[in-house]
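Quick notes on the structure that follows.
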Amino acid sequence: MPSPHSPEFRRRAVELARQGSKSTVELAKDLGISRSCLQNWVAQAAAEEKAAGDAARPTSAEKKELAELRRRNKQLESENQILKRAAAYFASENVLPK
């Protein structure tokens, strides 16, 4: 599901929050978003600006990649189950009664 706010809007909101001319609550209200949403954007921006060695909070790109890898893993597990069932079916068909 696409985000309702553009990356430019988010970037500008983070810049305004970092300026500190208004409180987070006031700024969020002026922008029409929740305080927690603005705080999350600020924290995410800080995580993305940190050095690559600090893996405390994943970047947006890492989150996107992780979601894609999880989808792919689920698909492969499903395909693997189908292959196991097919192998078991064909193995039982080839057993000759004595």
Side-chain angles (χ1 to χ4, degrees):
M1 183 171 136
S3 171
H5 302 289
S6 71
E8 177 60 27
F9 178 84
R10 289 178 182 222
R11 186 189 60 72
R12 185 69 179 129
V14 169
E15 286 176 10
L16 291 171
R18 287 180 175 168
Q19 287 176 357
S21 59
K22 289 186 178 183
S23 72
T24 306
V25 175
E26 291 173 325
L27 181 59
K29 186 177 181 181
D30 290 349
L31 294 173
I33 58 176
S34 69
R35 176 191 53 82
S36 61
C37 182
L38 181 56
Q39 287 175 330
N40 287 340
W41 290 352
V42 171
Q44 189 65 44
E48 291 176 0
E49 291 167 358
K50 279 188 173 179
D54 184 13
R57 186 175 176 127
T59 64
S60 297
E62 290 170 334
K63 285 181 181 180
K64 191 173 186 176
E65 180 183 16
L66 184 57
E68 178 59 34
L69 290 172
R70 285 182 175 155
R71 275 192 294 277
R72 181 70 177 138
N73 189 41
K74 189 173 182 178
Q75 178 186 3
L76 291 172
E77 286 175 349
S78 176
E79 291 172 0
N80 194 25
Q81 284 297 329
I82 292 169
L83 291 172
K84 283 181 182 180
R85 289 182 188 142
Y89 174 78
F90 289 116
S92 68
E93 230 179 48
N94 291 333
V95 175
L96 297 174
K98 293 183 179 183

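In what follows, residues are counted from 1 in the order of the sequence shown.
Partners of Glu77 under the salt bridge (Lys or Arg N to Asp or Glu O under 4.0 Å) rule, at least two apart in sequence or in another chain, do not exist in this structure. Take Gln39 and apply the side-chain hydrogen bond (donor to acceptor under 3.5 Å, both in side chains) test, not counting sequence neighbours, and it matches Arg35. Contacts of Arg72 classified as side-chain hydrogen bond (donor to acceptor under 3.5 Å, both in side chains), with partners at least two apart in sequence or in another chain: Gln75.
With rounding to the nearest 0.5 angstrom, the CZ atom of Arg71 is 13.0 Å from the CG atom of Leu76. Here the OG atom belonging to Ser23 is positioned 9.0 Å from the CG atom belonging to Asp30, to the nearest 0.5 angstrom. In this structure, His5 NE2 and Arg11 CZ are separated by 16.0 Å, a value rounded to the nearest 0.5 Å. Atom-to-atom distance recorded for Glu15:CD and Arg10:CZ is 14.5 Å, nearest 0.5 angstrom. Atom OG in Ser60 sits 13.0 Å away from atom CD in Glu65 (nearest 0.5 Å).
In this structure, Gln19 and Arg12 approach most closely via the heavy-atom pair NE2-NH1, 4.2 Å.
Alongside Leu66, the hydrophobic cluster contains no other residue (criterion: ILVMFWY side chains under 4.5 Å). Connectivity analysis of hydrophobic side chains (ILVMFWY, heavy atoms under 4.5 Å, direct or indirect) links Val14 to Phe9, Leu16, Leu27, Leu31, Ile33, Leu38, Trp41, Val42.
Taking a 6.0 Å sphere around NZ of Lys64, one finds it holds 12 or fewer heavy atoms contributed by other residues, nucleotides or ligands.
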Would you give me the side-chain donor-acceptor pairs under 3.5 Å for residues 82-89, sequence neighbours excluded?
from	atom 1	to	atom 2	distance (Å)
Tyr89	OH	Glu93	OE2	2.8

